[in-house]
Amino acid sequence: MTDLSGDDTRVLLIATATHHGPTLPSVPSVARTLEDLRAVLLERCGVPPDRLRVVLDPPDAQTMALAVTEEAQRSDTVLLVYFVGHGLLGPGGELYLAASGTDRLVPGLAEHQALSFSSLRQALAVSRAAWVVVVLDCCFSGRASLQGGVSVPAFTTGPAHGRNRLPPPG
């Protein structure tokens, strides 16, 4: 597969550029990154416009989780999920992806304030897509693991229903 033009390809771009609290600063360049990536995916990679979903400045974790879940359920071949914004470490060192309404993580409320990577991983697990690609453009992205837990050297998943294992690079 050399392009993303297939009918069963789904692409979800999530970007959080604006924050309203005093702790996390807004990052205006995130919106430009999102638009540039969207243009490349459409123009150079052949993603059909109706297969590319953009979520800019989601207000909360639920909005992000719903978008991931919906696209995971729609994809049969390739699912690409790209997040750009602030990454935060929550309880147990887990990665959380900040929503626009996220300012800081409060113990006991973190799951409601930002999207935990474990929640994202659970949403991806229901996808029938043979190829699932997750790109995290945020602080602490190296803590994420599609296997569960934290801190693995690469994003690899074992063979599962509807998934293929990529050969190691090189």
Could you give the distance from [atom1] ([X]) to [atom2] ([Y]), rounded to the nearest 0.5 Å?
| X | Y | atom1 | atom2 | result |
| --- | --- | --- | --- | --- |
| D137 | L97 | CG | CG | 11.0 Å |
| Q73 | S127 | CD | OG | 9.0 Å |
| T69 | L124 | OG1 | CG | 8.5 Å |
| C45 | L4 | SG | CG | 5.5 Å |
| S116 | L88 | OG | CG | 12.0 Å |
| L80 | L12 | CG | CG | 8.5 Å |

Is there side-chain contact between [X] and [Y], with at least one heavy-atom pair below 4.5 Å?
| X | Y | value |
| --- | --- | --- |
| Y96 | P91 | yes |
| H86 | P25 | yes |
| L37 | V84 | no |
| F117 | L136 | yes |
| V68 | I14 | yes |

### Query
So R38 and L13, side-chain contact (heavy atoms from CB on, under 4.5 Å) or not? Walk me through it.
CA-CA 8 Å; R38 180 186 164 282; L13 306 178; 4.0 Å; yes
### Task
Determine, using the 4.5 Å side-chain heavy-atom cutoff (strictly less than), whether V40 and V54 are members of one ILVMFWY cluster.
no
### Task
Before accepting this row, confirm whether a basic side-chain N of the pair E35/R32 lies closer than 4.0 Å to the acidic partner's carboxylate O.
no
### Task
Would you tell me whether T33 and D36 have side-chain atoms, one donor and one acceptor, within less than 3.5 Å of each other?
no
How far apart are the closest heavy atoms of [X] and [Y], and which atoms are they?
| X | Y | result |
| --- | --- | --- |
| P48 | S5 | CG-O, 3.8 Å |
| L95 | C138 | CD1-SG, 4.4 Å |
| A99 | A61 | CB-N, 4.0 Å |
| A129 | S75 | CB-OG, 3.3 Å |
| G93 | R143 | O-NH1, 3.7 Å |

Look at the side chain of [X] and the backbone N and O of [Y], then say whether any donor-acceptor pair between them is shorter than 3.5 Å.
| X | Y | answer |
| --- | --- | --- |
| R51 | D7 | yes |
| S119 | L115 | no |
| D76 | D8 | no |
| Q113 | R104 | yes |
| E94 | S118 | yes |

### Query
Could you walk me through whether V81 and E71 pass the side-chain contact (heavy atoms from CB on, under 4.5 Å) check?
CA-CA 9 Å; V81 177; E71 295 309 316; 6.0 Å; no
### Task
Tell me, with the steps shown, if T102 and T16 meet side-chain contact (heavy atoms from CB on, under 4.5 Å).
CA-CA 10 Å; T102 306; T16 305; over 6 Å; no
### Heavy atoms of other groups near E70 CD, more than 12 under 6.0 Å
yes
